[in-house]
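Quick note on labels: first sequence line is chain A, next is B, and so on, each numbered from 1.
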Protein chains: 2
Amino acid sequence: MDKPLPCTLCTLRPLPGFKPAREGELAFIARRKVGQLRVRAGAGVISEGGADDRIYTLLAGWAFRYKSLPDGRRQILNILLPGDIIGLQAELLDAMAHGVEALTDVSLCVFARDMVWSVFRVHPALALDLTWLAAHEERLVDDAILSIGRRTALERVAALLVHLYKRAVASGLLDGGSVPFPLTQAHIADTLGLSVVHTNRTLQRLRRAGLADTAGGRLVLGDLRGLRRVAQYWEQPAPPRPLF
Amino acid sequence: MDKPLPCTLCTLRPLPGFKPAREGELAFIARRKVGQLRVRAGAGVISEGGADDRIYTLLAGWAFRYKSLPDGRRQILNILLPGDIIGLQAELLDAMAHGVEALTDVSLCVFARDMVWSVFRVHPALALDLTWLAAHEERLVDDAILSIGRRTALERVAALLVHLYKRAVASGLLDGGSVPFPLTQAHIADTLGLSVVHTNRTLQRLRRAGLADTAGGRLVLGDLRGLRRVAQYWEQPAPPRPLF
DNA sequence: AGCGGACCCTATCACAGGTTAATGCGCAAC
DNA sequence: GTTGCGCATTAACCTGTGATAGGGTCCGCT
């Protein structure tokens, strides 16, 4: 639990990727932020199947959603960046069907337990925003299925790198031509349904081709257009997103 | 366009899998049903990237959501059964990121264009139900990612069959120990990220093991428990779902 | 009856990607 | 400075799955 940042001073909201808050709604949200939580890199935020029914917003840092099979094989569903909501599914459905783990040290805004229902009751436009976020996350997952199911390893890795690069840039993380990249090769493998060894081979092909480099915890794209072509990745416009 | 069924006489709602409507809400929904649409097996309901912003509920028949790569490889994201909503993402995000195609002849309830927003404005509890459906669909997609990314072909096919069997039963389709099964092996392949040939091999392994048979457009599970074990599939409780 | 088209099935071959195991490197702990 | 650990890297080998090609059956159409 670290020093809470009041929502009125939110460092995320001014970013170009986020929609400005409407009249009165920011205050409404601020009133329901009950604290702030810090989680260390590698630690769990929500455990698979757990019944933690709090709602969080990722304020700073990276995390990921995952599911696993009984025998331990793990699949990462989705990478979470600042502004993403955590725990909405658990609130709506009854149990959490997936776990969430911090990739870097992470700060989370913690919201009151009745947050969701009160949003729906008193601020329909905000409720629509919440549903927008859910639909948006589903779209990401849809894209992931397409990758894992139908792209080759090389295409998958290329598509993931382009995708994460874009999102990191939108989160204001671009610095000197590169963005932070806290995923290990094991994370990439778990995201793309590959083995670690083959992920390594594939990253090297991209590196040697001058397309992308993930060394030193940072991601540099040497040739964005070329990477996109390799990935068969076509741009989707990204409208500003709501923030809680 | 066939003879519209009034929502008050809905054939789906009485099924045990669906939540009864609350006071006043059924009338509200009924008022916004503007028609009924019939789509032949194999025809498209919504085209990928299309801007059709209407909302449908699948009233009868099977359909599926899919995405494809520029070069034609196709991935099925999700099988749709009666009660599923179609077009919610297009309404919220701006374009439809996926297509929808009918698997059998299909009947759809067509809703007024302002349906979503009016639900949020005047019936918060219904709005929450809508979001519940979105979260529930995302859960299905999460499960699919886990399958495609981390299960072997045999496990994938087994898991899919168990899953569809369960859903078909919940839709009241069980008849004499089997349920209808309108997917061709090509559909299964596109759902699981496999080739048609390997899908065929795998189905036969299951058939010879006495676990499952998909012949003749019907699905018979010879040994549900055994199939679950093969699939590493653990049951999730299915609470009754809302219906529009 | 004959034809064509879906769909299912089988066999063979090739290769992408998995598995296992060992090495190296940087870095924190002591 | 040694030890240990996490992560990236390589190599050798193996296998699950894909690609291609063909045959069979059923069914609707003319």
Side-chain angles (χ1 to χ4, degrees), chain A residues 40-43 69 71-76 101-105 147-161 180-208 212-220 230-232, chain B residues 40-43 69 71-75 101-105 147-158 160-161 180-208 212-220 230:
Chain A
R40 314 308 309 254
L69 289 173
D71 69 1
R73 281 173 282 174
R74 182 175 76 167
Q75 175 67 38
I76 293 180
E101 188 176 312
L103 213 42
T104 63
D105 288 357
S147 263
I148 303 176
R150 288 304 182 208
R151 278 194 248 246
T152 66
L154 189 69
E155 292 165 345
R156 279 181 228 185
V157 174
L160 179 68
L161 296 183
F181 192 77
L183 312 217
T184 67
Q185 298 186 357
H187 289 125
I188 300 178
D190 280 349
T191 305
L192 300 178
L194 298 171
S195 68
V196 178
V197 174
H198 198 63
T199 301
N200 182 289
R201 289 196 271 256
T202 309
L203 282 169
Q204 294 192 46
R205 278 178 68 191
L206 291 176
R207 187 175 315 146
R208 296 209 180 99
D213 194 339
T214 61
R218 301 198 62 90
L219 171 62
V220 188
V230 166
Q232 303 231 39
Chain B
R40 314 309 309 255
L69 289 173
D71 69 2
R73 280 172 282 174
R74 182 175 76 166
Q75 176 66 40
E101 187 176 312
L103 212 42
T104 64
D105 288 357
S147 264
I148 302 177
R150 288 303 182 208
R151 278 194 248 247
T152 67
L154 188 69
E155 293 165 345
R156 277 181 230 186
V157 174
L160 179 68
L161 296 183
F181 192 77
L183 312 216
T184 66
Q185 298 187 355
H187 289 125
I188 300 178
D190 280 348
T191 305
L192 299 178
L194 298 170
S195 68
V196 179
V197 174
H198 198 63
T199 300
N200 182 290
R201 288 196 270 257
T202 309
L203 282 169
Q204 294 194 45
R205 279 178 69 191
L206 290 177
R207 187 175 314 146
R208 297 206 179 103
D213 195 339
T214 61
R218 301 199 62 91
L219 170 63
V220 187
V230 166

Considering only heavy atoms from C-beta outward, does the side chain of [X] approach that of [Y] to under 4.5 Å?
X	Y	result
Arg201(B)	Val157(B)	no
Leu183(A)	Leu219(A)	no
Val196(B)	Asn200(B)	no
Thr199(A)	Leu192(A)	no
Gln75(A)	Leu69(A)	no
Thr202(A)	Ile188(A)	no

Extract the stems that DNA chain C is part of, considering only consecutive pairing runs of at least three Watson-Crick or G-U wobble pairs, both distances under 3.5 Å.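 Stems (3+ consecutive pairs) listed as C:1-30 with D:1-30.
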Nearest whole angstrom, please: distance from the [atom2] of [N] to the [atom1] of [X].
X	N	atom1	atom2	value
Leu203(B)	dC8(C)	CG	C1'	10 Å
Leu154(A)	dA16(C)	CG	P	11 Å
Gln185(A)	dG24(C)	CD	P	18 Å

Approximate separation, where rounding is to 0.5 Å, of [X] [atom1] and [Y] [atom2]:
X	Y	atom1	atom2	value
Leu103(A)	Ile76(A)	CG	CD1	7.0 Å
Thr152(B)	Arg73(A)	OG1	CZ	6.5 Å
Leu154(B)	His198(B)	CG	NE2	8.5 Å
Thr191(B)	Arg74(B)	OG1	CZ	8.5 Å

Scan residues 192-201 of chain A against DNA chain D and write down, sorted by residue number, each residue with any heavy atom closer than 4.0 Å; if none is found, say none.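 Nucleic-acid contacts, sorted: Val197(A), Asn200(A), Arg201(A).
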If each of Arg150(A) and Arg207(A) is mapped to the nucleotide of DNA chain D with the nearest heavy atom, which maps nearer the 5' terminus, i.e. the 5' end?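 Per heavy-atom nearest nucleotide, the more 5' residue is Arg207(A).
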Describe the nucleic acid contact of Arg73(A) in one word from base, sugar-phosphate, nothing, applying a heavy-atom distance below 4.0 Å.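 It contacts nothing in the nucleic acid.
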Base, sugar-phosphate, or nothing for Thr202(A), non-hydrogen atoms under 4.0 angstrom?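 Nothing, no nucleic acid heavy atom in range.
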Respond yes when some side-chain nitrogen or oxygen of Gln204(B) is under 4.0 Å from OP1 or OP2 of dT10(C), and no when none is.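 Yes.
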Flag if over 12 foreign heavy atoms under 6.0 Å of CZ, Arg205(B):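 Open: at most 12 neighbouring heavy atoms sit under 6.0 Å from CZ of Arg205(B).
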When you list every nucleotide of DNA chain D with an atom under 4.0 Å from a heavy atom of chain A, which one comes first 5' to 3', and which comes last?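 First-to-last contact on DNA chain D, by the 4.0 Å heavy-atom rule, is dC7(D) to dA12(D).
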